[in-house]
Amino acid sequence: MKIVVYVMNKKIDNNTKMKISFCINILISIMMINAIIMSIMGFKFMYGYEPSSEITGVSIFSYYTVQSNIFMGIISFIFANREYMILRGRKRDIPLVYYILKMVATISVSLTFFVVFAYLGFITKGGHLPLLRNSNLFFHLIIPIVSILNYVIFEKTNIIKFKHIFYGLLPTFLYEIYYTINLLVNMKNGSVSLRNDWYSFAQNGLLRTILVVPMMLWITFCLSLIIWKLNKKMN
């Protein structure tokens, strides 16, 4: 690990890092768009066991997974545009708000990655493998990992302070409000079908959902702190 840090910090100048970051951000945006199209059209390039959790059509936009990846793709494109202008000499630096948005987007897809591998993979029929097929391969694995590595290694900055990491909790908090309202609206006789409880948070009663809300915020905060620390350490 020390060797990797040394190589990144000492052997690659800032201009080269920005060029690499620019290319990765464009790649993230392209992968996001392709994954969205694949999901909507139901296109499959990986066959075998077909998971019940694999969705198609416009309903994909209800999922935090898709929302976080779209957010990541949009912010990556905006960030890449700014990097391009700097590399062309049209701008001098990247504003704080850009770094904050990039951090928040990275935290969002990090939560997606964490939930898939620490939770969904254990309650989904077939385990983790079905969650890594077709468009989900990009949503659950490739885009989150590439986004984290890009932010930590090639987008290092010392202008992000500890207080800024709380912005990373906002997408999770807003989605929890939406998800809870969705459960309450679709609840019948004290229970909610899996069609409306796609993360199975309320399958053992609404009380579990109430407990999940602060737990997910705490997990998001921990991920925010880890990502911020890694970025700071690499800097």
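Heavy atoms only: backbone and side chains are in, while hydrogens, waters and symmetry mates are out.
When hydrophobic clusters are built by joining Ile, Leu, Val, Met, Phe, Trp and Tyr residues whose side-chain heavy atoms come closer than 4.5 Å, directly or via intermediates, I74 is not grouped with M85. In the hydrophobic clustering of ILVMFWY residues, with side-chain heavy atoms under 4.5 Å counting as a link, F45 and M41 come out together. L129 and V116 end up in different hydrophobic clusters when Ile, Leu, Val, Met, Phe, Trp and Tyr side chains are linked at under 4.5 Å. A single hydrophobic cluster is seen to contain both I181 and F173, as judged by linkage of ILVMFWY side chains at heavy-atom distances under 4.5 Å, directly or through other members. Cluster membership for F122 and Y64, using ILVMFWY side-chain heavy atoms within less than 4.5 angstrom, is not shared.
Here the side chains of N14 and K17 are in contact, with some heavy-atom distance below 4.5 Å. In this structure the side chain of L131 never reaches within 4.5 angstrom of the side chain of L137, judged on heavy atoms. Residues S62 and Y178 have side chains in contact (heavy-atom distance under 4.5 Å, counting atoms from C-beta outward). Residues L183 and N196 form no side-chain contact, since every pair of their non-hydrogen atoms from C-beta on lies 4.5 Å or further apart. Taking 4.5 Å as the limit, some side-chain heavy atom of S110 sits within range of a side-chain heavy atom of I227.
Under the side-chain contact (heavy atoms from CB on, under 4.5 Å) criterion, M187 pairs with V192, L206, sequence neighbours left out. By the side-chain contact (heavy atoms from CB on, under 4.5 Å) test, I123 pairs with Y119, L120, S200, sequence neighbours left out. For F113, the ring-ring contact (aromatic ring centres under 6.0 Å, His included) partners two or more places apart in sequence, or in a different chain, are F117.
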Full working for side chain to side chain contact (heavy atoms under 4.5 Å, CB included) between F43 and N134: CA-CA 8 Å; F43 176 78; N134 302 309; over 6 Å; no
Taking it one step at a time, do F79 and I94 satisfy side chain to side chain contact (heavy atoms under 4.5 Å, CB included)? CA-CA 8 Å; F79 208 87; I94 298 176; 3.7 Å; yes
Give the intermediate values and the outcome of side chain to side chain donor-acceptor pair (under 3.5 Å) for residues S21 and N25. CA-CA 6 Å; S21 173; N25 281 321; 3.3 Å; yes
Dump the intermediate steps for side chain to side chain contact (heavy atoms under 4.5 Å, CB included) on F154 and L149, then the final yes or no. CA-CA 8 Å; F154 299 109; L149 292 177; over 6 Å; no
Evaluate the criterion side chain to side chain contact (heavy atoms under 4.5 Å, CB included) for residue pair Y98 and N81; output intermediate values, then yes/no. CA-CA 11 Å; Y98 279 62; N81 181 63; 5.9 Å; no
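Judged by distance alone, the side chain of N231 and the main-chain N or O of Y151 form a donor-acceptor pair under 3.5 Å. The main-chain N or O of R82 is never found under 3.5 Å from a side-chain atom of R90 such that the two would form a donor-acceptor pair. With hydrogens and angles ignored, the 3.5 Å screen pairs no side-chain donor or acceptor of T180 with any backbone N or O of I177. Checked by atom type and distance alone, the side chain of K161 pairs as donor or acceptor with a backbone atom of N158 at under 3.5 Å. With hydrogens and angles disregarded, a donor-acceptor distance shorter than 3.5 Å links the side chain of N186 to the backbone of N182.
With Y63 as the fixed residue, the ring-ring contact (aromatic ring centres under 6.0 Å, His included) test singles out one of W198, Y179, Y175: W198. Of the candidates I20, I24, I26, I26 is the only one forming a side chain to side chain contact (heavy atoms under 4.5 Å, CB included) with F22.
Between the CD1 atom in I28 and the CD1 atom in I142 there is a gap of 11.5 Å [rounded to 0.5 Å]. Taking CE of M103 as the start and OG of S108 as the end, the distance is 10.0 Å to the nearest 0.5 Å. Here CD1 of I165 is found 12.5 Å from NZ of K163. Values are rounded to the nearest 0.5 Å. In this structure, S76 OG and L101 CG are separated by 11.0 Å, a value rounded to the nearest 0.5 Å. Atoms CD1 and CE, on I33 and M38 in that order, are 13.5 Å from each other to the nearest 0.5 Å. Here CD1 of I143 is found 9.0 Å from CE of M72. Values are rounded to the nearest 0.5 Å.
Of all the heavy atoms in L225 and F162, the pair that sits closest is CD1-CE1, 3.8 Å. Between N136 and P130, the shortest heavy-atom contact is ND2-O, 4.4 Å. The nearest pair of heavy atoms linking I36 to V66 is CD1-CG1, 3.5 Å. Closest approach of P171 and G168 over heavy atoms only: CD-O, 3.6 Å. Scanning both residues, F139 and S39, for their nearest heavy atoms gives CE1-OG, 3.2 Å. Residues I107 and S224 approach most closely at CD1-OG, 3.2 Å, considering heavy atoms.
The environment of F166 atom CZ is dense: over 12 non-hydrogen atoms of other residues, nucleotides or ligands sit within 6.0 angstrom. In the displayed structure, F71 atom CZ is contacted under 6.0 Å by more than 12 heavy atoms of other residues, nucleotides or ligands.
Residue pairs meeting the salt bridge (Lys or Arg N to Asp or Glu O under 4.0 Å) criterion with at least one partner in residues 19-38, sequence neighbours excluded, do not occur; the list is empty. Pairs passing the salt bridge (Lys or Arg N to Asp or Glu O under 4.0 Å) check and including a residue from residues 102-111, sequence neighbours excluded, read K102-E155.
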In residues 211-222, what donor-acceptor pairs under 3.5 Å come from side-chain atoms, sequence neighbours left out?
from	atom 1	to	atom 2	distance (Å)
T220	OG1	T172	OG1	3.1
T220	OG1	M216	O	2.7

